[in-house]
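Per chain, numbering begins at 1; letters A, B, ... match sequence-line order.
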Amino acid sequence: MISSIVDIMTPFLLAALGGLVTELAGSLVIALEGFILVGAFVALAVAGATGSALAGIAASAVFVTAAAWAFGRFTIGTKANIFITGLAVNLFAAGLTAWASAVLFGTKGVVKPAGLEPLARLSIPAIERLPVIGGLLSGHTVFAYLSWILALALAVFLKRTRTGLRIRASGMDAQAATVRGVDPDRYRLIAISLSGFFCALAGAGLSLGAGAYIPNISSGRGWIALVAIYLGGRTTGGVVAASAVFAVAEYLSNIAQGTVAIPGSLLLAFPYLVTFAVFVGYAIYKKGRGKLD
Amino acid sequence: MSPELPAAKKKAAAESRWGFPAGLKAPAIAIGAALAAAMGFIVISSGNPLDAIGFFFSGPLSSPYFFGNMLNETGGLILTGLGVALAFRSGCFNLGGEGQAYAGGFVATMILLAEPAWPGWLGIATACLAAAAAGALVAGISGYLRARYDADELISSFLISSALLPVIDYLVSGPLRDPGSNLLATKAISPAFRLPSIMPPSHLNAAFILAIFLAVGMRFLFSRTVFGFELRITGGNREFARAQGIDPKRYYILGMAGSGAFHALAGALAVIGTYFTCHKGFSSGLGWNGIAVALIAGNAPLAVIPAALVFSYVDAGASSAILHTDFSFEAGSLIQAAVFLFITARFTRARFARSHFAHSHFARVRFGRKP
């Protein structure tokens, strides 16, 4: 059980961490969904062509980070509205992956390169037998471990490094940052590029984990990650906890699918409904707390 | 945006919370980019690029059938464009148009399939009003959450819409599906409840005229009524509105609800005038395209009409060119993406002032700037 929840949580966490950096920099990127989609496609296409999952991950990370940088450079350089350009990325990613899938693989459906196995799961011999901890620590793909290491690294980066502090300063008060000689645009661009990197990993984990690319494989995870940032109170630890909440919810819905006779197409609505409920609940809670202060 | 304002003030008034540039430059660049993006993909995908480009421009005008269908698409886009503009003008971002349009079409179909023993016009009017009410309710929830709990309406409207889509998909392809049809669709509505066609055999129908009337009506609402004035003030500057004794919360809710009503009406009229049934995904693209149209129009109601016309020309052109490419793909999202990417971008000379270029010798000579 815990093992499945960790699996579900990984892409949420990676995407939400990427979004968190941009939110802290004061330039929230709503293009996470598109970045994940492109990341998943590039990772699978390259891994399928080279036979190496590592090459797929690397290509995806490089490509999507570069794309995110270009997106940020354009948006900041032209003072465009980052919400609207972010929507452009999401729509473009959907169109581009469908088109590239038709060109490269001759199908708009599921792409499953021959000879590409789903990514291996690492089991840790002694620990895997333990209850709870076994499921938590053992039997995942490399992405789960990567997401934890990156969460920790990001927390340290944002709190303890010069660049991290400057990213946060850009988000807190851009004018004050400018007066202190920190160019907010520069640090926002770094944050946006980082979000591309994180989302590339989230996408690569989805497609390589399954050994196949399914159209719209991101299926709203980028949007749910945005809510996770908000729900996590804009802190790294909070985002980890919020991602866990969404993972548990999705796990329960998967269980429900097996036991109660709910039609599969109707279940597609469930993640959005849960996210909406959590979003509204948190807004009401926050408002209530605000009144007491 | 009334005509007596001096140009500078007019420009400032057009720039709302979302910072849209006024004037024709940005729309021209955005539409140019959309054309370039659509044509670029078509040219790469086609064995005979010149022919494909020919079909791109001539396709929508090649026969009354294609021309009428393009105008029909324009009518729908005017409605969703107005809906998006209404929300933007109140300071809200309605990202749930897709679901609201689908829900509107679904509600209208359900009412007309019950075949009430009414005259046609009464059935159509009831179906449209019910659909609009449903859309207003769905979007109004997001407006209320923004007003009451400060919950971002952009996220909440998107989430509600995304949850609605699979539910309606399920209903029309499952329990409510017409077993006699090959389509994933409900039964067809009775001919008594269909809008009169304008340009047969194309799909163009009376909904197009209604859309134009509503655009004029919204222009009147914005420029000549207290409601429209206060709504625009709220969207322009929330604090200023409050200082003037205007309650911004009221306009968040009404702006979003009105926006939802327009989207749902677009969906309902697509059923009553064009498809005569609610088939799976019939409204796909109406919401996203509406955002693109509203942005091109700078959220000015009358400008929505030409914006929708140009947009549907590009869209229809791409569709007809793709019929002649080696494989088919959806150009719709690529066109939308190009518009979104460029419509709020500002390619002004002010950029030079901030770059290293501005301090170079060349810049001083060329633009007469002091370092």
Side-chain angles (χ1 to χ4, degrees), chain A residues 30 34 71 74-75 77-96 98-103 106 108 183 185 219-220 223-224 226-227 230 262-288 290, chain B residues 17-21 37 41 44-45 93 95 141 145-146 148-152 154-156 158-171 173-175 288 291-292 295 326-348 350-351 354-355:
Chain A
I30 63 166
F71 159 75
F74 177 86
T75 304
T78 62
K79 302 191 177 194
N81 183 312
I82 197 164
F83 287 96
I84 312 266
T85 54
L87 274 187
V89 171
N90 285 341
L91 292 163
F92 189 65
L96 185 71
W99 179 83
S101 177
V103 173
K108 281 188 248 175
D183 179 8
D185 287 350
S219 57
W223 292 97
I224 295 171
L226 289 180
V227 179
Y230 169 75
I262 305 173
S265 52
L266 212 51
L267 271 167
L268 292 175
F270 197 74
Y272 294 108
L273 280 178
V274 171
T275 312
F276 178 69
V278 170
F279 178 72
V280 172
Y282 185 68
I284 293 173
Y285 162 76
K286 226 174 124 184
K287 185 84 178 178
Chain B
R17 170 188 164 196
W18 299 92
F20 300 113
F41 276 94
I44 314 174
S45 318
F93 197 159
L95 210 51
I141 294 172
L145 291 172
R146 164 87 192 274
R148 177 81 174 78
Y149 299 109
D150 213 18
D152 202 326
L154 182 145
I155 303 258
S156 72
F158 180 82
L159 291 174
I160 296 175
S161 159
S162 302
L164 269 177
L165 294 173
V167 172
I168 301 175
D169 275 349
Y170 162 73
L171 289 173
S173 57
W288 295 122
I291 299 176
L295 290 173
D326 300 343
F327 54 87
S328 78
F329 60 96
E330 282 291 321
S333 59
L334 301 170
I335 295 171
Q336 292 155 2
V339 170
F340 289 158
L341 195 57
F342 285 94
I343 192 69
T344 63
R346 291 167 199 211
F347 302 94
T348 54
R351 274 185 69 205
R354 292 163 33 76
S355 70

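Taking every heavy atom of both residues into account, A/L266 and B/P166 meet most closely at CD1-O, 4.4 Å. The two residues A/F71 and A/G86 have their closest heavy-atom pair at CE1-N, 3.7 Å.
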Contacts table for residues 270-279 of chain A: side-chain donor-acceptor under 3.5 angstrom, sequence neighbours left out:
{"from": "A/T275", "atom 1": "OG1", "to": "A/P271", "atom 2": "O", "distance (Å)": "2.5"}

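One finds the OG1 atom of A/T78 at 8.5 Å from the CZ atom of B/F342 (value rounded to the nearest 0.5 Å).
If you measure heavy-atom distances from B/L145 to chain A, the contacts under 4.5 Å come from the side chain alone. At a 4.5 Å heavy-atom cutoff, A/V89 makes no contact with chain B through either its backbone or its side chain. Proximity to chain B involves both the backbone and the side chain of A/L96, based on heavy atoms less than 4.5 angstrom apart. There is no contact between A/Y282 and chain B, counting heavy-atom distances below 4.5 Å. Neither the backbone nor the side chain of B/I168 comes within contact range of chain A, judged by heavy atoms closer than 4.5 Å. If you measure heavy-atom distances from B/I44 to chain A, the contacts under 4.5 Å come from the side chain alone.
For the options B/V167, B/D150, B/L164, B/L165, heavy-atom pairs under 4.5 Å to chain A are most numerous at B/V167. Ranking B/D169, B/I160, B/I335 against chain A, the residue ahead of the rest is B/I160, based on heavy-atom pairs under 4.5 Å.
For A/T75, the side-chain hydrogen bond (donor to acceptor under 3.5 Å, both in side chains) partners at least two apart in sequence or on another chain are A/T85.
For B/F158 and B/F93, the ring centers sit 6.0 Å or farther from each other.
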